[in-house]
Amino acid sequence: MAFLFDSFEGWKQYCEEHNKSLHETVLAFEAEQKGRTKDEVWAHLSNAYHVMKDAVETGLHEDMQSQSGMINNGAKKVFNYPTPVLSPEFQRLISRALAAKEVNSCMGRVVAAPTAGASGILPGTMYTLQEIHQLDDEQIIEGLLIGAGIALIIEQKASLAGAVGGCQAETGSAAAMASGAIVHCLGGNIDQVFNAVATTIQCMLGLVCDPVAGLVEVPCVVRNASASAIAFSSAQIALANVNAVIPVDECVEAMGEIGQSMEARYKETALGGLAATRTGQAISKRVLIQDIEMLPDEEQQEG
Amino acid sequence: MSERSSVFDMIGPVMIGPSSSHTAGVVRIGRVARRVLGKQPDEAQITFYNSFARTYEGHGSNRAILAGLLDFKTDDVRIKQALDIAKEEGLKYNFRSVGNASVFHPNTVKLELTAGERKVEVIGESLGGGVIRIPKLNGFTANFSAAHHTLIITAKDVKGSIAFISNVLANDNCNIATMSVSRKGKNDLACLVIEMDSGIQPIVQQYLSHLDWVQEVLYIPDIDF
């Protein structure tokens, strides 16, 4: 059971051999490996979902301006704009993902899922999915359990940290978790869930982590919105049994390989990409503390 | 390979943004320092090093460290207002930035705290994901994570003291996970840091602190409680 989340293939095989659904095996793993009862896990996820929805509401109703000023109540503007570009549901999806992530950038309470940098994606997608399809909380929590299983495998085979694998590892993983959860909640089988994960990863591969001034704001906030949209587009494709061609495990391996070969300046160091643009550097100069005593190189330091 | 993550790590923790290493980890360091001091400080001199030195304001680490000193937990929504709350509660603070400190981890903060006559100095590192390490305490090497139950004993460097203390803990049914000893010099003061899997009873702490060769016994339970 310790090896359940080494690969998607192994996870599927275990489910089939033991005649269990995906979310049941996640509960069994947590019980055997971490000594947590089903009720404890359920209570944790139920609270997490509550905090996610709270973050969405906070972001849509309270003042959200970050210390740097780069984040300034964008979610509310999107939510209230008179023309939906696709549908009112799409508009709500995008504004909710933005809202929860803005709360994170503005020192509010969020759920790291899987990380703080990607903390708008599951709230935006799950909240909107529940609303459109009139799902109850139990179904959403089953989806979150599957999302956790997906993240456990990605962590094992690639990474969930921007500093290790770039943005694809954070928002890419969160989008993969969300799209798997969406497909499950809409009655998809194991192959369809995994196909959604594979498709999502294919769409998110290669994204670098290049935050302006090193802050979790630009482009992190808008990428939470786009990743949420991709989670839905992949779920739509996967539910129709459109094959991702490259199996999900190999997609995750590709993500790991790309992450490894990414240069350090694209891994949260704020030295490349958007952070290194003229404007990015000017913002950095303005918001970062400049009054620093620099110790000489060779001095024996205190400590 | 490190221990497998859990569902609780993949969907969680519930935390205050923007980043686990700049907020959650820093709050925890503040909570440890408050426990080492034994109460809320009257004054705090806070030095942010290296990567922290430039970004502590943008990431809110200044608010997070004060929140820890005020005994807020990592998911407390008041963290954002910690600068104002500290002022209201009469906690005087001052921030300083030091770069190029090559001996320190990129995300290091030093706290020099005063409460009445008592002064302590704690150095903390935020390792990522909210995990912390306290490399130094009052000039002694400490090296603990505060994720376990931690016992910090300052005592005279006498023969047999480590055997004696571990015996007392074993009799209280405590399993020692890690232990580190450092001293200022031979026959001088020594600092013993013991991380245990479970807590100790108050009477054990009292007993140890009444030994004539023991100067101080600090007990820090799991830092999130």
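Each chain gets a letter, A, B and so on, in the order its sequence line appears, and its residues count up from 1. Not measured: the values here are computed from a predicted model.
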* Asked: Among V103(A), V216(A), I154(A), L27(A), which residue forms the greatest number of heavy-atom pairs with chain B at distances under 4.5 Å?
  -> V216(A)
* To do: May I ask you to check whether over 12 heavy atoms, not counting those of D197(B), lie within 6.0 Å of atom CG?
  => yes
* **Top contributor to chain B interface from D6(A), V26(A), V287(A), L160(A) [non-hydrogen pairs under 4.5 Å]** => D6(A)
* Hey, what do you get for OG (S66(A)) to NE2 (H59(B)), rounding to the nearest 0.5 Å? -> 11.5 Å
* Asked: With a 4.5 angstrom heavy-atom cut-off, which part of S105(A) approaches chain B: side chain, backbone, both or neither?
  -> backbone
* To do: Keeping to residues at least two apart or across chains, list the salt bridge (charged side-chain N to carboxylate O under 4.0 Å, His left out) pairs with something in residues 11-32 of chain B.
  => R28(B)-D224(B), R31(B)-D71(B)
* Side-chain heavy atoms of R109(A) within contact of I79(B), under 4.5 Å -> no
* Report the C-alpha distance between S5(B) and L152(A) in whole Å, list the side-chain angles of each, state the deciding distance to 0.1 Å, and finish with yes or no for side chain to side chain contact (heavy atoms under 4.5 Å, CB included). => CA-CA 7 Å; S5(B) 295; L152(A) 285 167; 3.8 Å; yes
* To do: Rounded to the nearest 0.5 Å, what's the gap from CD on Q81(B) to CE on M107(A)? Could you check?
  => 9.5 Å
* What option among L144(A), V111(A), V110(A), V51(A) has the most heavy-atom pairs under 4.5 Å with chain B? -> V110(A)
* Asked: For atom CG of D291(A), is the number of surrounding heavy atoms from other residues, nucleotides or ligands below 6.0 Å larger than 12?
  -> no
* To do: Answer with side chain, backbone, both or neither: which region of L45(A) has an atom nearer than 4.5 Å to a non-hydrogen atom of chain B?
  => side chain
* Look at atom NZ of K92(B) and say whether more than 12 heavy atoms of other residues, nucleotides or ligands are closer to it than 6.0 Å. => no
* **Proximity breakdown for F29(A) and chain B, heavy-atom pairs closer than 4.5 Å** => side chain
* Asked: chain A contacts: which residues in residues 7-17 of chain B have a non-hydrogen atom closer than 4.5 Å to it?
  -> V7(B), F8(B), D9(B), M10(B), I11(B), G12(B), P13(B), V14(B), M15(B), I16(B), G17(B)
* Residue pair E30(A) / S6(B), side-chain donor-acceptor N/O under 3.5 Å -> yes
* To do: Indicate yes or no: at least one non-hydrogen side-chain atom of K80(B) is less than 4.5 angstrom from one of C106(A).
  => yes
* To the nearest 0.5 Å, how far apart are CG in L215(A) and CD in E57(B)? -> 10.5 Å
* To do: Count the heavy atoms belonging to other residues, nucleotides or ligands that lie under 6.0 Å from NZ of K156(B), then report whether that count exceeds 12.
  => no
* **Between A112(A), S119(A), A116(A), the one whose heavy-atom pairs under 4.5 Å with chain B are most numerous** => A112(A)
* Answer yes or no: is there a side-chain heavy-atom contact under 4.5 Å between S97(B) and E293(A)? => no
